[in-house]
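The residues of the chain are indexed from 1 along the displayed sequence. For ligands, and for the atoms within them, numbers begin at 1 and follow the listed sequence.
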Amino acid sequence: MTIQWFPGHMAKARRQVTEKLKLVDIIIELVDARIPLSSRNPMIEEIIGQKPRLVLLNKADMADSNRTNQWILYFKDKGIKAIAVNAQGGKGLQEIVPSCKEILKQKFDRMKAKGMRPRAIRAMIVGIPNVGKSTLINRLAKKNIAKTGNTPGVTKAQQWIKVEKELELLDTPGILWPKFEDQEIGYKLALTGAIKDTILNLQDIAVYGLRFLEKHYPNRLKERYEVDNIPEEVVELFDSIGKKRGCLVAGGEIDYDKTSEVIVRDIRGVQLGPITFDLIEEHTHN
Ligand code: G4P
């Protein structure tokens with residue numbers, strides 16, 4: 001799914017999330033474990049304000065697990081609980097309910113002390129497109145979609161999904177826009193498949209990917225494309241990959257567009273192994 005984000009759409013998306021904020025106790029913010037910062041909405045702090053939050057680093061199966069652990073600590077340092085999950089395979093999902101309970105313990109204790117009847121925690125999932133929101137909701141829903149009546153304050157009945165006994169999830173996630181105006185972030189979003197058709201040039205995306213791999217995962221690059229030494233000039237690496245993969249035009253010249261497609265497809269398809277593109281060392285002073 002590709003969404004064209006124009007200022008009007010962003011304002012509408014923001015309004016929709018803001019409206020639903022008052023219905024929930026906690027926000028479950030989904031980010032892509034391969035790009036935990038680049039896959040966040042640039043205004044998320046402002047949009048959700050003081051609302052308690054749990055961050056899920058989804059697609060952890062596609063990310064570099066050492067780096068995922070570093071990112072979990074990064075969020076912890078900021079006072080935000082984060083956990084690694086795989087919404088598709090199910091790994092880590094059993095931690096969601098206990099984590100929400102832990103984050104909201106004081107609030108629920110206070111409610112109890114005031115004599116209020118115990119109730120389930122209410123939550124909403126937010127995140128940029130393709131981060132795995134629907135996969136997660138479907139996985140958590142099993143068959144527990146509960147139709148509730150009108151919820152005070154909203155005209156349309158909200159559907160809540162019961163997750164175990166103690167959590168109720170809004171069935172529609174909040175879809176937020178990524179920070180695509182930053183070119184480097186744009187490349188990372190393209191390489192992870194968050195943005196499929198992009199205004200960015202495919203060759204530039206492939207070059208960014210190759211340079212990143214060269215620097216941080218050189219052995220994976222050598223193995224995948226069977227090169228003994230990575231050439232200094234990126235064009236030579238393109239030539240070598242293009243030749244091996246048969247990306248040629250008539251006359252035997254390398255077809256750089258086709259080669260770029262192969263590289264981007266390989267990276268998106270985890271053919272070079274799990275990779276994390278956001279590096280903690282570049283963000284520790286933010
Ligand atoms: P969204 O609602 O946030 O837009 O995302 P959605 O659930 O549609 O997920 C986008 C793609 O990511 C889906 O692949 C989904 O299967 C995949 N996905 C979600 N969570 C995980 C995860 O934890 N691990 C892995 N490996 N994949 C996950 P798709 O339907 O095949 O679409 P695509 O691959 O063509 O993008």
Side-chain angles (χ1 to χ4, degrees), residues 1-5 9-10 12-14 16-17 20 27-42 44 47-48 53-65 67-69 71-72 75 82-96 99 123-142 145 159 161 163 169-180 185-198 200 202 205 209 220 261-278:
M1 175 178 51
T2 302
I3 298 179
Q4 293 290 337
W5 292 101
H9 298 139
M10 293 184 189
K12 190 174 169 205
R14 182 182 178 153
Q16 281 171 346
V17 170
K20 287 181 187 162
I27 294 292
I28 299 178
E29 184 193 354
L30 231 67
V31 300
D32 187 318
R34 295 167 294 175
I35 45 170
L37 294 192
S38 301
S39 58
R40 296 185 93 190
N41 172 269
I44 189 76
I47 294 172
I48 73 173
R53 145 179 48 164
L54 171 66
V55 168
L56 300 185
L57 282 86
N58 191 37
K59 307 197 187 186
D61 55 310
M62 302 171 103
D64 183 330
S65 55
R67 292 201 179 272
T68 299
N69 290 334
W71 281 113
I72 288 174
F75 283 108
I83 53 178
V85 299
N86 170 357
Q88 204 180 44
K91 202 165 172 213
L93 301 186
Q94 73 288 353
E95 282 185 54
I96 295 176
S99 299
M124 166 170 61
I125 289 175
V126 303
I128 66 167
N130 282 319
V131 75
K133 297 179 297 299
S134 327
T135 308
L136 178 68
I137 290 174
N138 289 335
R139 181 98 202 185
L140 293 175
K142 295 174 196 141
I145 299 183
Q159 291 235 336
I161 293 162
V163 185
L169 200 60
L170 270 183
D171 72 332
T172 42
I175 306 170
L176 293 168
W177 64 98
K179 195 178 172 183
F180 43 71
I185 292 179
Y187 290 141
K188 292 179 183 183
L189 291 167
L191 285 172
T192 52
I195 304 179
K196 300 248 170 69
D197 309 311
T198 108
L200 297 169
L202 191 68
I205 299 167
R220 308 248 196 108
E261 258 175 50
V262 164
I263 296 163
V264 172
R265 200 179 336 117
D266 277 1
I267 295 174
R268 279 186 190 162
V270 203
Q271 299 297 335
L272 289 111
I275 293 169
T276 298
F277 293 96
D278 276 347

Item to check | Part of Asp61 within contact of ligand 1 (heavy atoms, under 4.0 Å) | outcome: side chain
Checklist entry - Looking only at atom types and distance, does a side-chain atom of Thr276 sit under 3.5 Å from a main-chain N or O of Asp64, one as donor and one as acceptor? => result yes
Next on the checklist: Tell me whether Arg67 contacts the main-chain N or O of Phe277 through its side chain, where contact means a donor paired with an acceptor under 3.5 Å.
Outcome noted: no
Checklist entry - Under 4.0 Å from any heavy atom of Ala87, which atoms of ligand 1 are there? => result 20 (N), 22 (C), 23 (O)
Checklist entry - Is Ala60 close to ligand 1, meaning an N/O of one under 3.5 Å from an N/O of the other? => result no
Item to check | Polar proximity ligand 1 side, Val85 side, N/O cut 3.5 Å exclusive | outcome: no
Checklist entry - If you measure from atom 10 (C) of ligand 1 to every heavy atom of Val131, Ile137, Asn130, which option wins on shortest distance? => result Asn130
Item to check | Check: Trp71 side chain, Asp278 main-chain N or O, donor-acceptor pair, under 3.5 Å | outcome: yes
Next on the checklist: Measuring from atom CG of Asn86 to atom NZ of Lys91, what distance do you get when rounded to the nearest 0.5 angstrom?
Outcome noted: 8.0 Å
Next on the checklist: Heavy atom to atom 12 (O) of ligand 1, shortest distance: which of Lys91, Arg139, Lys59 holds it?
Outcome noted: Lys59
Next on the checklist: Can a donor-acceptor pair be found, under 3.5 Å and without considering hydrogens, that links the side chain of Lys133 to the backbone of Thr172?
Outcome noted: no
Next on the checklist: Tell me the closest heavy-atom pair linking Thr192 and Arg268, and the distance in Å.
Outcome noted: C-CG, 4.2 Å
Checklist outcome for this item: Filtering Ile128, Thr135, Ile125 for the heavy atom nearest atom 7 (O) of ligand 1 leaves Thr135
